[in-house]
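The analysis underlying the following values was restricted to heavy atoms, covering all of them including side chains, and did not include hydrogens, waters or symmetry mates.
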Amino acid sequence: PLAISGVTDLPPRTMERALAAGVNLFFWEPGYEALTRLIAARRQQLLVVTGSYEGDRRSIVADVEQALRRLRTDHLDVFLLFWVRSPERLSDEVRETLHELKRAGKIRTCGFSTHDRALASLAIRSGGWDVLMTRHSAAHPGAEQSLFPLCATQGTGLLTFSATSYGRLLQPLPGQEPPAVRITAADCYRYS
């Protein structure tokens, strides 16, 4: 249940280590060059999460087509609308576009990513979303009480991100002594 993002452009040996440990889910965007090469070379073994920052039909279709070409594949496993901050990004036109792409076999599942739990709850309740990606960490708790059960009852898949709060949870608090027991990244991922 762990995905690796290509944002830090991990060296190939690190990605090989992840694959050997059983990781097969990767978060991809067009600028992730090392991950682009890995996915293109091993597409049949891997699941890909990608998406679009756009909010109109033409741009979303263009982003799907670009990802298919760059990754040398005929489908994307999870396609998200990234960084959704308003209900307008989740319009009927956008939902219909995503469902047409599913019917065409170009994407397998569709959803959106947001920090806004109220917006996420409203959208999930309205239906038609296969997956939600939302921030969750010990620094940002609460989704486990509100969103997680809602997704479970609606049959909506759930991806979380920022388990280490972008590394801040791994650092001592400013002006305080480090705790006797340090929090590790593994602790943060276990929490989420």
Side-chain angles (χ1 to χ4, degrees), residues 1-7 18-19 21-29 32 35 38-39 42-55 60-61 63-64 67-68 71 73-87 89-138 140-165 186 188-192:
L2 180 66
I4 293 184
S5 172
V7 70
L19 290 167
V23 174
N24 70 341
L25 180 62
F26 290 87
F27 183 88
W28 179 85
E29 290 187 54
Y32 300 174
L35 186 54
L38 175 75
I39 293 170
R42 296 186 178 204
R43 180 62 181 109
Q44 299 306 314
Q45 302 165 300
L46 307 177
L47 299 171
V48 177
V49 177
T50 190
S52 176
Y53 291 96
E54 302 300 333
I60 291 168
V61 169
D63 284 351
V64 166
L68 293 171
L71 298 174
T73 187
D74 63 349
H75 72 277
L76 304 168
D77 301 295
V78 179
F79 191 83
L80 303 172
L81 299 174
F82 293 145
W83 201 251
V84 173
R85 295 182 284 179
S86 71
R89 277 284 305 290
L90 304 175
S91 69
D92 291 340
E93 173 193 8
V94 166
R95 275 206 283 204
E96 182 54 33
T97 299
L98 293 172
H99 288 282
E100 286 175 13
L101 289 163
K102 278 178 63 173
R103 286 190 295 273
K106 293 184 179 195
I107 62 175
R108 297 252 168 103
T109 58
C110 62
F112 63 98
S113 172
T114 187
H115 290 247
D116 186 333
R117 291 183 189 155
L119 174 64
S121 291
L122 183 65
I124 297 303
R125 280 188 175 89
S126 74
W129 299 105
D130 302 317
V131 65
L132 167 68
M133 187 168 93
T134 191
R135 173 180 64 179
H136 183 252
S137 70
H140 301 99
E144 67 277 7
Q145 293 153 347
S146 58
L147 283 178
F148 292 13
L150 176 62
C151 287
T153 61
Q154 295 290 327
T156 303
L158 183 65
L159 297 168
T160 63
F161 65 94
S162 189
T164 65
S165 193
C188 295
Y189 289 110
R190 275 189 212 96
Y191 174 87
S192 195

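Remark: side-chain polar atoms of Glu144 are paired, donor with acceptor, to backbone N or O of Gly142 under 3.5 angstrom.
When all heavy atoms are compared, the tightest approach of Phe82 to Gly51 is CZ-N, 3.2 Å. Contact detail for Glu54 and Asp63: the closest heavy-atom pair is CG-OD2, 3.6 Å. Of all heavy-atom pairs between Pro141 and Tyr191, the closest is CB-OH, 3.3 Å. Considering all non-hydrogen atoms of both residues, Pro149 and Ala143 come closest at CD-O, 4.2 Å. Among all heavy-atom pairs drawn from Phe79 and Ile60, the shortest one is CE2-CG2, 3.9 Å. Of all heavy-atom pairs between Val131 and Leu158, the closest is CG2-N, 4.0 Å.
With rounding to the nearest 0.5 Å, the separation of OH in Tyr189 from OG in Ser137 is 11.0 Å. Atom OG1 of residue Thr50 and atom CG of residue Leu71 lie 7.0 Å apart, to the nearest 0.5 angstrom. Between the OG atom of Ser52 and the CD atom of Glu29 there is a distance of 10.0 Å, given to the nearest 0.5 Å. Within the model, atoms CD of Glu100 and SG of Cys110 stand 11.5 Å from one another, a figure rounded to the nearest 0.5 Å. For the atom pair Leu150 CG and Ile124 CD1, the distance stands at 6.5 Å (nearest 0.5 Å). The CH2 atom of Trp28 sits 15.5 Å away from the CG atom of Leu47 when rounded to the nearest 0.5 Å.
The shortest distance between side-chain heavy atoms of Leu119 and Ser86 does not fall below 4.5 Å. When side chains are defined from C-beta on, Leu68 counts as touching Val64, because their heavy atoms get closer than 4.5 Å. With contacts defined as side-chain heavy-atom distances shorter than 4.5 Å, the pair Leu46/Asp77 does not qualify. Between Leu76 and Leu101 there is no side-chain heavy-atom pair separated by less than 4.5 Å. The closest side-chain heavy-atom distance from Phe26 to Ile4 is below 4.5 Å. Between Phe112 and Leu98, the closest side-chain pair of non-hydrogen atoms is not below 4.5 Å. Within the 4.5 Å cutoff, side-chain heavy atoms of Arg42 are placed close to those of Leu19. Using a 4.5 Å heavy-atom threshold, the side chains of Phe161 and Ser192 count as separate.
Pairs of residues two or more places apart, or lying in two chains, that qualify as side-chain hydrogen bond (donor to acceptor under 3.5 Å, both in side chains) and include a residue from residues 119-135 are Arg95-Ser126, Lys102-Asp130, His115-Arg135, Arg135-His140.
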Exercise for the section: Apply side-chain contact (heavy atoms from CB on, under 4.5 Å) to Val49 and Leu25, showing your working. Expected result: CA-CA 7 Å; Val49 177; Leu25 180 62; 3.5 Å; yes
Handout entry: Residues Thr73, Arg43; criterion side-chain hydrogen bond (donor to acceptor under 3.5 Å, both in side chains); working and verdict
Key = CA-CA 7 Å; Thr73 187; Arg43 180 62 181 109; 3.0 Å; yes
Handout entry: side-chain contact (heavy atoms from CB on, under 4.5 Å) between Leu38 and Leu35, worked out
Key = CA-CA 5 Å; Leu38 175 75; Leu35 186 54; 3.9 Å; yes
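Applying the salt bridge (charged side-chain N to carboxylate O under 4.0 Å, His left out) criterion to Arg103, with sequence neighbours excluded, gives Glu96.
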